[in-house]
Amino acid sequence: RAYDPAMARLGQSLQVDDRLATVLRTRADTATAARTQYRQLIDLLGSRAAPSSPGLADAAYARLDALGDVLPARVQSAILREAGIRVRNPALVDRLARAEPQVAAAALATAHLDESEWLPLIPRLPLIARGFLRHRRDLPLRVRAMLEQLGVQDLVLPQPAELLVQAPPTPPPAAPS
């Protein structure tokens with residue numbers, strides 16, 4: 001058959017991204033494989049594009065939950081804080097915010113959502129997860145205003161004014177006579 005540019009363009013638009021299915025077909029029966037698969041699932045689910053099949057997404061979230069039960073929170077947290085990890089999907093952020101506090105803190109510290117994604121998500125987050133967001137200085141103004149409206153503030157107490165005044169120097173001990 002002769003090369004047909006129109007068919008070639010059509011073929012390009014019909015390409016299917018099967019990375020998620022490939023990851024799910026892989027066994028994670030060692031600690032290294034579990035860490036690798038957790039990282040891959042975070043990366044794939046963390047992108048803004050929804051998986052091609054809702055059933056595939058459900059299976060991926062179920063596998064992520066199972067791996068979360070196997071991997072220690074410190075390992076999950078470290079993976080979430082790795083350079084290059086993408087956490088840009090509100091559904092993934094919502095799910096990770098309900099994990100152990102160390103995992104939730106890492107997910108919320110590294111999540112990159114738009115204002116239009118944060119605003120409906122924040123009221124649904126657990127209180128402790130909302131508290132982790134108070135440390136973020138890069139959130140849009142309306143998101144910070146919503147957090148304040150919901151009572152999420154920095155919990156550090158201000159120092160009393162009398163402690164801010166420098167105390168006079170202590171005199172040296174008297175010499176024995």
Side-chain angles (χ1 to χ4, degrees), residues 17 19-20 23-24 28 31 34-166:
D17 183 357
R19 293 176 298 168
L20 196 53
V23 169
L24 291 173
R35 282 192 307 274
T36 300
Q37 192 168 81
Y38 185 86
R39 183 180 298 107
Q40 290 171 331
L41 289 170
I42 290 293
D43 192 46
L44 292 170
L45 292 171
S47 66
R48 282 201 164 101
S52 58
S53 158
L56 192 59
D58 291 342
Y61 280 117
R63 178 74 60 88
L64 190 65
D65 290 344
L67 291 168
D69 291 341
V70 173
L71 294 172
R74 65 178 171 68
V75 171
Q76 295 173 62
S77 175
I79 290 169
L80 287 163
R81 292 181 187 276
E82 285 178 3
I85 289 293
R86 297 177 295 189
V87 182
R88 295 178 286 187
N89 178 341
L92 178 62
V93 174
D94 188 24
R95 194 163 199 125
L96 293 171
R98 297 169 195 294
E100 292 184 44
Q102 190 175 5
V103 176
L108 291 166
T110 59
H112 294 286
L113 303 180
D114 295 332
E115 180 180 282
S116 64
E117 295 166 320
W118 278 120
L119 291 174
L121 176 62
I122 287 173
R124 296 191 322 256
L125 292 176
L127 290 175
I128 193 166
R130 289 184 206 162
F132 294 136
L133 289 173
R134 75 179 185 273
H135 300 293
R136 297 271 308 252
R137 301 294 177 238
D138 62 335
L139 295 174
L141 184 59
R142 288 183 58 205
V143 172
R144 290 187 310 226
M146 174 180 272
L147 288 167
E148 189 171 324
Q149 180 184 3
L150 292 171
V152 178
Q153 301 170 14
D154 201 340
L155 300 178
V156 177
L157 296 174
Q159 245 186 354
E162 61 268 8
L163 291 180
L164 295 177
V165 176
Q166 190 172 7

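Computation of the quantities below employed the complete heavy-atom set of this structure, encompassing side-chain atoms and omitting hydrogens, waters and symmetry-equivalent molecules. Nothing here was measured: the structure is a model prediction, and the numbers come from that model.
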Minimum heavy-atom distance between [X] and [Y], given as atom pair plus value:
{"X": "L96", "Y": "A107", "result": "CB-CB, 3.6 Å"}
{"X": "R88", "Y": "P90", "result": "O-CD, 3.7 Å"}
{"X": "R134", "Y": "R137", "result": "O-NH1, 2.9 Å"}
{"X": "A97", "Y": "A104", "result": "O-CB, 3.6 Å"}
{"X": "S116", "Y": "P120", "result": "O-CD, 3.2 Å"}
{"X": "A28", "Y": "L67", "result": "CB-CD2, 4.1 Å"}

How long is the straight-line distance from [atom2] of [Y] back to [atom1] of [X], given to the nearest 0.5 Å?
{"X": "I79", "Y": "R74", "atom1": "CD1", "atom2": "CZ", "result": "10.5 Å"}
{"X": "Q37", "Y": "L44", "atom1": "CD", "atom2": "CG", "result": "10.5 Å"}
{"X": "T110", "Y": "L108", "atom1": "OG1", "atom2": "CG", "result": "8.0 Å"}
{"X": "L147", "Y": "R130", "atom1": "CG", "atom2": "CZ", "result": "8.5 Å"}
{"X": "W118", "Y": "L125", "atom1": "CH2", "atom2": "CG", "result": "7.0 Å"}
{"X": "L45", "Y": "R95", "atom1": "CG", "atom2": "CZ", "result": "9.0 Å"}

In this structure, are over 12 heavy atoms from other groups packed under 6.0 Å from E82 atom CD?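 Yes, the 6.0 Å shell around CD holds more than 12 heavy atoms from other groups.
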Would the number of heavy atoms belonging to other residues, nucleotides or ligands and lying under 6.0 Å from CZ of R136 be above 12? yes
For A91, does its backbone N or O pair with a side-chain atom of N89 as donor and acceptor, under 3.5 Å?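 A pair under 3.5 Å: yes.
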Side chain to side chain, [X] and [Y], heavy atoms closer than 4.5 Å:
{"X": "L41", "Y": "L24", "answer": "yes"}
{"X": "L133", "Y": "V143", "answer": "no"}
{"X": "R81", "Y": "I85", "answer": "no"}
{"X": "P123", "Y": "M146", "answer": "yes"}

In terms of side-chain geometry, is the basic nitrogen of D94 or R98 positioned less than 4.0 Å from the acidic oxygen of its partner?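 A salt bridge is present here (some side-chain N lies under 4.0 Å from a carboxylate O).
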